[in-house]
Visitor: 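Structure in structure tokens, see below.
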Number of protein chains: 2
Amino acid sequence: MSEDSSGVEVGQPRWHQVMTELSSAIAAGSFAPGERLPTEAELAERFKVNRLTVRQALAELARAGTIKTVHGRGSFVAELPYRFRLRATTPSIVAQMRGTSTVITQDLLRHAVVPRSDLPDPPALPDDELLRLDTLMSVDGEAWSRDTTWLSAKRFGGVPAVWTPQTSLTGLLLGAYGIVLRRSWRRHSAEPASPQDAAALGVPLGAPLLVLVGANTDPAGVPLSQVHRRSRGDRIEYVVDFDADEDV
Amino acid sequence: MSEDSSGVEVGQPRWHQVMTELSSAIAAGSFAPGERLPTEAELAERFKVNRLTVRQALAELARAGTIKTVHGRGSFVAELPYRFRLRATTPSIVAQMRGTSTVITQDLLRHAVVPRSDLPDPPALPDDELLRLDTLMSVDGEAWSRDTTWLSAKRFGGVPAVWTPQTSLTGLLLGAYGIVLRRSWRRHSAEPASPQDAAALGVPLGAPLLVLVGANTDPAGVPLSQVHRRSRGDRIEYVVDFDADEDV
DNA sequence: TAGTGGTCTAGACCACCGG
DNA sequence: CGGTGGTCTAGACCACTAT
């Protein structure tokens with residue numbers, strides 16, 4: 001990245017220069033976390049570019065999680081980037097996070113019983129009727145991940161009735177059914193946020209999500225549940241520790 | 001997503017409609033994998049919108065990996081989405097992929113010996129001089145992931161001299177040094193592609209990358225290497241299997 | 001209602017690719 | 001060289017938020 005005598009990038013598009021200058025200013029503390037940036041019109045005037053050029057710069061910063069843009073209000077510097085480190089060996093995410101001083105809620109958005117034959121790619125569960133739970137996990141009021149969980153409808157049909165935002169599914173299964181979940185396998189991938197993801201998680205379209213697909217069994221190895229979790233990439237990461245004892 | 005009588009989305013921005021229509025056309029096979037889409041000007045005329053509106057639609061499709069846009073040539077439908085499934089328990093990625101009929105190369109882009117004291121966040125290795133290897137892994141000529149690997153410079157200083165594009169680092173350490181690597185821990189996260197990532201991997205700025213940070217030890221548990229791998233999210237995923245025997 | 005970001009247009013010029 | 005995508009401008013109007 002070459003620069004001229006005044007420290008301005010050379011040979012880069014104008015929007016890229018604006019992006020890095022804003023990024024540097026934020027990193028240098030010229031704008032505090034949570035603070036509002038100048039309006040797009042002001043930035044355009046300050047950088048002597050068109051407003052669209054500013055917008056391209058802001059869009060990239062938003063996708064990277066550096067700022068958060070809200071329609072009608074402005075663009076705000078993100079809170080200090082914090083990524084929650086989750087142990088992949090532990091079935092319950094919510095239980096792990098509850099150990100902290102933050103407020104964790106998991107709302108049940110939808111639930112339905114679906115015949116296995118209706119599913120193009122049914123989960124590997126030994127049941128004909130499957131209970132589908134769509135939940136949204138939030139931390140301090142900020143949505144962090146969307147889950148879709150599949151269970152046996154016959155065995156666990158009562159779960160939606162007793163669900164509360166404080167529910168941890170693993171804890172519920174243990175408490176109400178006496179069942180201990182054991183992780184069987186996990187798949188980790190990175191995907192761009194779909195329009196639905198973007199709306200539910202409050203991230204820009206295309207923002208990186210960390211996606212987990214996995215299965216849990218009972219202690220005997222009988223498949224009990226299958227999970228599909230889409231988490232904000234700037235908030236969640238998974239740790240696999242091969243040295244430590246693999247307990248819960 | 002409501003639609004009017006002709007099946008056109010309603011209440012969505014024009015660029016979003018163009019995006020979904022193109023996406024559907026591709027999914028329906030109107031454009032074969034690898035085929036070139038009409039030019040932006042043609043699409044603008046066909047959809048009766050400005051070229052910028054078409055460009056916003058194409059940009060989202062490119063970030064999602066549906067198409068690949070090349071300056072001066074056009075936009076091309078991506079080859080059938082294929083994601084390589086890598087076992088997280090196995091230290092060597094390259095060795096895993098070599099089992100397939102594809103051509104895997106790993107080019108050594110740069111290497112340097114760095115005093116540990118020069119690093120703001122040094123890897124957990126018991127050495128004062130560290131060898132840094134920057135490599136690029138490609139599959140059938142397409143760049144899939146960039147690695148930065150740290151090793152003891154004293155023990156492994158000869159590695160760069162014997163490197164070839166066919167090298168697997170794990171295999172090399174075993175062959176030339178008689179050392180068996182054992183995975184110690186792994187961290188998986190999702191990040192947007194930086195300008196450097198985008199240039200090296202041929203993806204759009206901000207495209208989702210699957211990032212792995214990890215450490216390996218010798219069989220006795222002594223730290224040997226630390227890895228930082230940034231892979232194309234549309235090409236790589238990691239599998240953690242808790243049921244299978246954890247060998248290899 | 002005023003101020004903010006979100007969308008869209010028309011037009012221009014530049015940078016890259018291929019023959 | 002002609003054709004393609006990449007960047008940028010000026011200007012307009014819409015949608016959302018706060019007061």
Side-chain angles (χ1 to χ4, degrees), chain A residues 2 8-22 31 34-63 66-78 193 195 198-199 202-207, chain B residues 2 8-22 31 34-63 66-78 193 195 198-199 202-207:
Chain A
S2 62
V8 174
E9 293 176 69
V10 136
Q12 291 286 348
R14 209 62 190 86
W15 68 261
H16 194 280
Q17 302 174 22
V18 172
M19 179 183 76
T20 44
E21 288 192 39
L22 284 173
F31 302 101
E35 188 180 344
R36 214 201 70 182
L37 293 181
T39 69
E40 298 181 347
E42 283 170 351
L43 290 171
E45 192 180 8
R46 184 176 312 184
F47 287 108
K48 300 212 188 330
V49 297
N50 187 272
R51 193 182 137 214
L52 271 191
T53 307
V54 168
R55 279 181 60 73
Q56 175 142 15
L58 293 177
E60 294 301 336
L61 291 174
R63 210 178 327 259
T66 308
I67 65 172
K68 180 175 173 91
T69 300
V70 186
H71 191 174
R73 299 220 295 135
S75 288
F76 301 82
V77 177
V203 296
L205 185 60
Chain B
S2 62
V8 174
E9 293 176 67
V10 133
Q12 290 287 348
R14 211 59 192 87
W15 67 262
H16 195 280
Q17 302 175 22
V18 172
M19 179 183 77
T20 43
E21 288 193 38
L22 284 174
F31 302 100
E35 189 180 342
R36 213 202 72 185
L37 293 180
T39 68
E40 297 181 348
E42 282 170 352
L43 290 171
E45 192 180 7
R46 184 177 310 184
F47 288 108
K48 301 211 187 328
V49 296
N50 187 271
R51 194 184 138 211
L52 271 192
T53 308
V54 168
R55 280 181 61 72
Q56 176 144 13
L58 293 177
E60 294 302 337
L61 291 174
R63 214 183 319 266
T66 308
I67 64 171
K68 181 177 172 90
T69 301
V70 186
H71 193 174
R73 299 220 295 133
S75 288
F76 301 82
V77 178
V203 296
L205 186 60

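Numbered from 1 within each chain, the chains take letters A, B, ... in sequence-line order. We use all heavy atoms of the structure for the numbers below, so side chains are in, but hydrogens, waters and symmetry mates are not.
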Visitor: How many Å lie between NZ on A:Lys68 and C1' on C:dT4, as a whole number?
Guide: 16 Å
Visitor: Where is the tightest heavy-atom contact between B:Arg36 and B:Arg73, given as atom of each residue plus distance?
Guide: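 Where B:Arg36 meets B:Arg73 most closely, the heavy atoms are CD-O, 3.6 Å.
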Visitor: Can you tell me how far C1' of C:dT7 sits from CG of A:Leu58, to the nearest Å?
Guide: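 Rounded to the whole Å, the gap is 16 Å.
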Visitor: Over all heavy atoms of both residues, which pair between B:Leu52 and B:Asn50 is shortest? Give the atoms and the distance, please.
Guide: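 Nearest heavy atoms, B:Leu52 then B:Asn50: N-OD1, 2.8 Å.
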Visitor: Would you indicate whether the side-chain heavy atoms of B:Leu22 and B:Phe47 approach each other to under 4.5 Å?
Guide: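 Heavy-atom side-chain distance check passes, below 4.5 Å.
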Visitor: Rounded to whole angstroms, how far apart are CE on B:Met19 and P on C:dC8?
Guide: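 Spelled out: CE on B:Met19 to P on C:dC8 is 12 Å.
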Visitor: Mind calculating the distance between CG (B:Leu61) and C1' (D:dG5) to the nearest angstrom?
Guide: 15 Å
Visitor: Has A:Glu42 got a side-chain atom pairing as donor or acceptor with A:Thr39's backbone, closer than 3.5 angstrom?
Guide: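 Checking the backbone N and O of A:Thr39 against the side chain of A:Glu42, a donor-acceptor pair under 3.5 Å is found.
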Visitor: Look for any protein N or O under 3.5 Å of an N or O in nucleotides 9-17 of chain D and output each such pair with its distance, or none.
Guide:
unit_1: D:dT9; atom_1: OP2; unit_2: A:Asn50; atom_2: N; d: 2.6
unit_1: D:dT9; atom_1: OP2; unit_2: A:Thr53; atom_2: OG1; d: 2.6
unit_1: D:dA10; atom_1: N7; unit_2: A:Asn50; atom_2: ND2; d: 2.7
unit_1: D:dA15; atom_1: N3; unit_2: A:His71; atom_2: NE2; d: 3.0

Visitor: Rounded to whole angstrom units, what separation is found between the CD atom of A:Gln56 and the C1' atom of C:dC8?
Guide: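 Taking atom C1' of C:dC8 as the reference, CD of A:Gln56 is at 16 Å.
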Visitor: What is the distance, to the nearest angstrom, from the CD atom on A:Gln17 to the C1' atom on D:dT7?
Guide: 12 Å
Visitor: Using modelled atom types and a 3.5 Å cut-off, is there a donor and acceptor pairing between side-chain atoms of B:Lys68 and backbone atoms of B:Gly202?
Guide: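 Yes, because the side chain of B:Lys68 sits within donor-acceptor range (under 3.5 Å) of the backbone of B:Gly202.
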Visitor: Using modelled atom types and a 3.5 Å cut-off, is there a donor and acceptor pairing between side-chain atoms of A:Gln17 and backbone atoms of A:Gln12?
Guide: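 Yes, A:Gln17 side chain to A:Gln12 backbone: donor-acceptor pair under 3.5 Å.
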Visitor: What pair of heavy atoms forms the shortest contact from A:Ala198 to A:Val203, and how long is it?
Guide: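 Looks like CB-O, 3.2 Å.
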Visitor: Check whether B:Arg63 reaches the backbone of A:Leu205 with its side chain - one donor and one acceptor, N or O, closer than 3.5 Å.
Guide: no
Visitor: Between B:Arg55 and D:dG5, does any side-chain N or O lie under 4.0 Å from OP1 or OP2?
Guide: no
Visitor: Looking at every heavy atom in both B:Phe31 and B:Pro38, which two are closest together, and how far apart are they?
Guide: CE2-CD, 3.7 Å
Visitor: Please give, in whole Å, the distance from C:dG3 P to A:Arg36 CZ?
Guide: 12 Å
Visitor: Give, ordered by number, those residues of residues 37-44 of chain B having at least one heavy-atom distance below 4.0 Å to an atom of DNA chain C; if nothing qualifies, reply none.
Guide: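 Within residues 37-44 of chain B, no residue comes under 4.0 Å of DNA chain C.
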Visitor: Between B:Phe76 (CZ) and C:dG18 (C1'), how many Å, whole number?
Guide: 11 Å
